[in-house]
Amino acid sequence: MRRELEPWLAGRVLKRVELLAPAGPKYASLERAAGQSVLSVGRRGKFILAPLSAGDELVIHLGMTGSISAEEPTGPAAQHVRVRVHLAGKGPETLYFRDARRFGRFLVVPAGEYGSLPTLAALGPEPFDDSFSAADFAARLGRSRTAVKTYLLSQRPIAGVGNIYADEALWRARIHPLTSARDVSRAKAAELLAAIRAVLSESIAANGTTIKDYRRVDGEAGGFYERLAVYGKGGQPCPRCGTERVRTVVGQRGTVHCPHCQRSPRRRAGPAARRGSERPVRPRT
DNA sequence: CGCATTTCCTGGTAGC
DNA sequence: TGCTACCAGGAAATGC
């Protein structure tokens with residue numbers, strides 16, 4: 001989306017960013033954008049970040065059901081347009097931000113001041129940062145006892161992995177989603193990082209995953225849905241081993257894994273566990 | 001602070 | 001047909 005948006009936004013002047021949704025923490029300070037030009041269109045994790053000429057920054061997140069287009073939505077979709085971006089110069093005159101469930105974000109903040117966006121402020125490294133090593137990733141996973149899947153979704157060990165890609169990557173790396181993050185070995189962390197990089201680059205190449213709501217800026221669906229190996233495929237046989245995969249809930253999120261390829265986490269047998277100061281994770285498989 | 005739970009929000013759908 | 005109840009989940013807020 002960043003790539004698709006860049007030619008429409010970079011270098012152009014924002015005449016007005018018009019708020020249609022009720023203002024609030026998710027849609028804030030858009031009036032500040034008026035008259036500023038867009039210096040560049042960047043991205044951190046799932047956030048689009050566009051620095052503006054007067055020192056502010058446009059922050060956009062699609063949430064679950066967000067999309068951006070230059071075509072004015074019609075029909076029932078029209079009522080979900082939350083923001084209209086009016087642009088000067090060459091290119092589309094207006095961009096439309098749709099967000100049916102209002103889980104998205106569209107706000108202007110002083111550049112780099114993410115106090116109102118704690119996830120962005122504490123975002124982990126970019127998956128494709130060359131200087132981000134498997135050892136770094138392993139060290140980050142070591143900071144939490146939370147289930148590795150839940151920790152991935154927090155965006156703290158690595159940026160940009162959501163529910164779909166977490167399940168896909170854990171399956172590829174043969175890691176049970178309930179494994180405590182700190183119990184992921186260095187070798188497994190390396191496999192997981194490689195799996196995350198692979199699944200993300202494959203999905204980007206296919207223009208993303210459209211289940212229902214996600215749309216490219218031209219309104220087309222992304223093509224990765226057909227390539228999903230695990231997400232939404234509970235009860236179906238694992239393509240690697242044929243075992244029936246299981247759907248559970250991990251951290252309030254629907255989760256699918258293969259009980260044969262992704263073995264249940266073993267309880268920790270370290271001194272802390274012997275002292276009883278830590279409850280062994282009881283896998284629900 | 002770390003971690004778990006709840007909340008926000010609405011289209012879609014299962015069940016009656 | 002029309003109603004209610006519930007589900008989906010990214011990130012923030014709240015509760016221990």
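Below, chains carry the letters A, B, ... as their sequence lines are ordered, and counting in each starts from 1. Predicted model only: the values in this text are computed from it and were never measured.
Residue A/R105 places no side-chain atom within donor-acceptor reach of the base of C/dA11, judged by atom type and a 3.5 Å distance cut-off alone. A donor and an acceptor atom never sit less than 3.5 Å apart when one is taken from the side chain of A/R145 and the other from the base of B/dG2.
Within the 4.0 Å cut-off from OP1 or OP2 of C/dA11, at least one side-chain nitrogen or oxygen of A/K46 is found. When the side-chain nitrogen and oxygen atoms of A/Y231 are compared with OP1 and OP2 of C/dG9, one or more of them lie within a distance under 4.0 Å. OP1 or OP2 of B/dT10 has not a single side-chain nitrogen or oxygen of A/H80 nearer than 4.0 Å. Between A/R247 and the phosphate of C/dA8, there is a side-chain N or O to OP1/OP2 separation shorter than 4.0 Å. Of the side-chain N and O atoms in A/Q155, one or more sit less than 4.0 angstrom from OP1 or OP2 of C/dA11. Contact check, A/S144 against B/dC3: a side-chain N or O comes under 4.0 Å of OP1 or OP2. A/R102 has a side-chain polar atom (N or O) that falls below the 4.0 Å cut-off from OP1 or OP2 of B/dT10.
A distance-only check finds no donor-acceptor pair linking the side chain of A/R227 to the backbone of A/A229 [under 3.5 Å]. A distance-only check finds a donor-acceptor pair linking the side chain of A/R240 to the backbone of A/W171 [under 3.5 Å].
When the nearest nucleotides of DNA chain C are assigned to A/L120 and A/G254 by heavy-atom distance, the more 5′-ward of the two goes with A/G254. Position along DNA chain B of the nearest nucleotide to A/R101 versus A/T150 favours A/T150 as the more 5'-ward residue.
Among pairs with a residue in residues 2-18 of chain A, those fulfilling salt bridge (charged side-chain N to carboxylate O under 4.0 Å, His left out) read A/R2-A/E6, A/E4-A/R216, A/R16-A/E18, A/E18-A/R84, at least two apart in sequence or across chains.
For the pair A/M64 CE and B/dG12 P, the interatomic distance rounds to 13 Å; values are reported in whole Å. Rounded to a whole Å, the CG atom of A/D99 is 13 Å from the C1' atom of B/dG11. For A/Y165 and C/dG10, the OH to P distance is 11 Å, given to the nearest whole Å. With rounding to whole Å, A/R253 atom CZ is found 11 Å from C/dC7 atom C1'. Atom NZ of A/K26 and atom P of C/dG10 are 13 Å apart (whole Å). Atom-to-atom, CG of A/L107 to P of C/dA11 comes out at 13 Å; the value is rounded to the nearest Å. Spacing between atom CZ of A/R156 and atom P of B/dA4 amounts to 12 Å, rounded to whole angstrom units. In this structure, the OH atom of A/Y151 is 15 Å from the C1' atom of B/dA4, given to the nearest Å.
Taking the side chain of A/Q252 as heavy atoms from C-beta on, and the options B/dT6, B/dC3, C/dG10, the nearest nucleotide is B/dT6. Of the candidates C/dA12, C/dG10, B/dC3, C/dA12 carries the atom nearest the A/T119 side chain, counting heavy atoms from C-beta on.
A ring-ring contact (aromatic ring centres under 6.0 Å, His included) with A/F106 holds for exactly one of A/Y27, A/F47, A/F97; it is A/F97.
A/L117 comes within 4.0 angstrom of sugar-phosphate atoms only, judged by non-hydrogen atoms across all strands, and of no base.
By the 4.0 Å N-to-carboxylate-O rule, A/K149 lies close enough to A/D167 to be salt-bridged with it. By the 4.0 Å N-to-carboxylate-O rule, A/R32 lies close enough to A/D56 to be salt-bridged with it. Note on A/R44 versus A/E126: salt bridge recorded, some NZ/NE/NH1/NH2 to OD/OE distance being below 4.0 Å.
Using a 4.5 Å heavy-atom threshold, the side chains of A/I68 and A/M1 count as touching.
Under the stacking definition used here (centres under 5.5 Å, planes under 30°), the residue A/F103 qualifies as stacked on the base of C/dG10.
The overall bend of the helix from B/dG2-C/dC16 to B/dC16-C/dG2, read as the angle between its terminal helix axes built from five base pairs each, is 50° when rounded to 10 degrees.
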